[in-house]
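Structure first, commentary second.
We count residues from 1, following the sequence as given. From a predicted model like this one, the values you see are computed outputs, not experimental measurements. Values below: every heavy atom of this structure, side chains too, minus hydrogens, waters and symmetry copies.
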Amino acid sequence: MSGKGKGGRGDKKSTSSSSKAGLQFPVGRIGRFLKKGKYASRVGAGAPVYMAAVLDLCAEILELAGNAARDNKKSRIVPRHLTLAVKNDEELNKLLGGVTIASGGVLPNIHAVLLPKKTVTK
């Protein structure tokens, strides 16, 4: 044994940085665009990952808001739909709990005490 080479570890399939980070948006492509766009003289390794994560979060919010708009039979997303999407999702509500969306309104909620009492008829 000469001690050179990989020692028969086998060939590993390369994994993308998007799949390593668990994101849908392409981290490598975003990094390439950041470098080619001359936004800064140097681009760190974490910058495209962070930007892809932000885009991923925006896409999720817009998807939920689009579903809320479709439920209300509308073709456009308005701030009300964004509010409904954020407040009805547990993780997004925790993340954006202290955020006020202008013209968003509130979740429809009537306290159980205020509802009319059920009367039993004999």
Side-chain angles (χ1 to χ4, degrees):
M1 291 266 180
S2 62
K4 293 184 180 178
K6 296 207 176 189
R9 274 188 242 154
D11 293 333
K12 291 242 175 174
K13 183 110 170 83
S14 62
T15 56
S16 67
S17 48
S18 297
S19 63
K20 284 180 190 175
L23 299 171
Q24 299 299 316
F25 278 80
V27 173
R29 187 179 302 173
I30 291 172
R32 187 177 75 234
F33 289 154
L34 283 173
K35 288 173 189 168
K36 282 190 176 179
K38 303 291 183 190
Y39 297 106
S41 57
R42 294 157 46 151
V43 176
V49 177
Y50 194 93
M51 193 167 190
V54 170
L55 288 173
D56 215 22
L57 183 64
C58 290
E60 184 180 350
I61 292 173
L62 284 173
E63 181 182 356
L64 292 172
N67 293 343
R70 192 175 348 105
D71 291 344
N72 291 328
K73 299 181 179 73
K74 306 283 186 208
S75 58
R76 282 189 196 142
I77 296 174
V78 294
R80 174 75 178 146
H81 302 138
L82 288 171
T83 301
L84 290 173
V86 168
K87 299 293 182 195
N88 285 325
D89 189 75
E90 187 178 332
E91 291 177 347
L92 288 176
N93 191 23
K94 187 175 179 187
L95 179 68
L96 302 173
V99 175
T100 302
I101 299 174
S103 302
V106 295
L107 277 181
N109 184 24
I110 300 173
H111 201 279
V113 176
L114 300 173
L115 290 172
K117 294 183 175 60
K118 306 223 171 163
T119 57
V120 180
T121 57
K122 291 185 179 179

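- With His81 as reference, Lys74 is the one residue of Arg76, Arg70, Lys74 to meet the side chain to side chain contact (heavy atoms under 4.5 Å, CB included) rule.
- The only option from Lys36, Lys35, Arg32 that meets the side chain to side chain contact (heavy atoms under 4.5 Å, CB included) definition with Val43 turns out to be Lys35.
- Taking all atoms of both residues into account, the shortest heavy-atom contact from Asp56 to Gly22 is OD2-O, 4.5 Å.
- Sequence neighbours left out, the pairs with a member in residues 14-31 that pass side chain to side chain donor-acceptor pair (under 3.5 Å) are Ser16-Ser19.
- Between the CG atom in Leu62 and the CG atom in Leu82 there is a gap of 7.0 Å [rounded to 0.5 Å].
- Nearest heavy atom pair, residue Phe25 against residue Ile30, reads CB-CD1, 4.3 Å.
- Annotation: the span from Asn72 atom CG to Ile77 atom CD1 amounts to 11.5 Å, rounded to 0.5 Å.
- Residues Leu34 and Leu55 share a hydrophobic cluster, clusters being chains of Ile/Leu/Val/Met/Phe/Trp/Tyr side chains in contact below 4.5 Å.
- The structure places CG of Leu84 at 4.5 Å from CZ of Arg80, a figure rounded to the nearest 0.5 Å.
- The minimum heavy-atom distance between Tyr39 and Phe33, with the atom names listed, is CE1-O, 3.8 Å.
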Distance-only check: which donor-acceptor pairs under 3.5 Å involve side-chain atoms of residues 91-120, not counting sequence neighbours?
residue : atom : partner : partner atom : Å
His111  : ND1  : Val113  : N            : 3.2

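- No continuous path of hydrophobic side-chain contacts links Val49 to Met51 [ILVMFWY only; heavy atoms under 4.5 Å].
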